[in-house]
Amino acid sequence: MFRVGGSYFYRVHQERPVRHEYVLTDFGRSLRPILVAMAAWRNEQLAPSERAMVLVDTDTGREVEPVTVDPVTGLSVSDPRFAFRSGPAAGEQMRARYADPGRPA
């Protein structure tokens, strides 16, 4: 087994000829919500007949539209009440960028 970066590792899947199986780590699997959101963003711009890939509920086969929600309020984070602000590790430039609470994120 060989680790490649932090997102995945590979192991020999077959000896002759040598073939490797790439396996996501927990860190790599944590990227799934980001990839789902990016795919949904692109699909929003396409007619249903133009979509090469859709997200479905595997129990029902129904196509689903993913949303990212705040777990406390249940509101979609696309709601304008949610905005980016500088965090605890932000440098001076980042703090200056987000110092004006009226500025859109």
Side-chain angles (χ1 to χ4, degrees):
M1 216 175 313
F2 300 94
R3 188 174 200 82
V4 181
S7 298
Y8 64 94
F9 63 88
Y10 67 93
R11 60 181 168 224
V12 175
H13 177 67
Q14 178 180 312
E15 292 291 335
R16 292 183 181 243
V18 174
R19 294 192 179 169
H20 295 98
E21 173 185 17
Y22 290 83
V23 181
L24 289 174
T25 62
D26 288 341
F27 179 74
R29 281 188 293 278
S30 74
L31 295 170
R32 188 175 196 285
I34 295 166
L35 298 174
V36 168
M38 290 174 65
W41 169 78
R42 179 60 180 137
N43 277 349
E44 285 177 0
Q45 300 168 31
L46 300 171
S49 63
E50 296 175 312
R51 296 174 180 179
M53 173 184 65
V54 294
L55 185 65
V56 299
D57 178 328
T58 58
D59 287 344
T60 65
R62 179 181 63 83
E63 185 175 349
V64 297
E65 296 295 330
V67 295
T68 304
V69 298
D70 171 42
V72 174
T73 63
L75 294 172
S76 169
V77 296
S78 63
D79 187 292
R81 77 186 270 180
F82 297 104
F84 288 103
R85 295 290 180 255
S86 58
E92 186 178 322
Q93 187 176 14
M94 181 70 75
R95 289 185 189 286
R97 179 181 296 157
Y98 291 111
D100 180 4
R103 179 182 176 157

Side chain to side chain contact (heavy atoms under 4.5 Å, CB included) involving Thr68 - partner list, sequence neighbours excluded: Val77
Value rounded to 0.5 Å, distance of OG1 in Thr73 from CZ in Arg81: 5.5 Å
For Gly87 against Arg95, the heavy-atom pair lying closest together: O-NH2, 3.4 Å
Non-neighbouring partners of Asp79 that pass side chain to side chain donor-acceptor pair (under 3.5 Å), sequence neighbours left out: none
Counterpart residues, side chain to side chain donor-acceptor pair (under 3.5 Å), relative to Gln45 (two or more places apart): Arg42
Shortest non-hydrogen contact from Tyr98 toward Phe84: CD2-O, 3.4 Å
Mind listing the side-chain donor-acceptor pairs of residues 48-57 below 3.5 Å, one per line with the distance, residues two or more places apart or on another chain?
{"from": "Glu50", "atom 1": "OE1", "to": "Ala47", "atom 2": "N", "distance (Å)": "2.9"}
{"from": "Arg51", "atom 1": "NE", "to": "Asn43", "atom 2": "O", "distance (Å)": "3.0"}
{"from": "Arg51", "atom 1": "NH1", "to": "Glu63", "atom 2": "OE2", "distance (Å)": "3.1"}
{"from": "Arg51", "atom 1": "NH2", "to": "Asn43", "atom 2": "O", "distance (Å)": "2.9"}
{"from": "Asp57", "atom 1": "OD1", "to": "Asp59", "atom 2": "N", "distance (Å)": "2.7"}
{"from": "Asp57", "atom 1": "OD1", "to": "Thr60", "atom 2": "N", "distance (Å)": "3.4"}

Hydrophobic cluster of Leu31, others only, ordered by chain and residue number, side-chain cut-off 4.5 Å: Ile34, Met38
Set of side chain to side chain donor-acceptor pair (under 3.5 Å) partners for Ser30, sequence neighbours left out: none
Non-neighbouring partners of Arg16 that pass side chain to side chain contact (heavy atoms under 4.5 Å, CB included), sequence neighbours left out: none
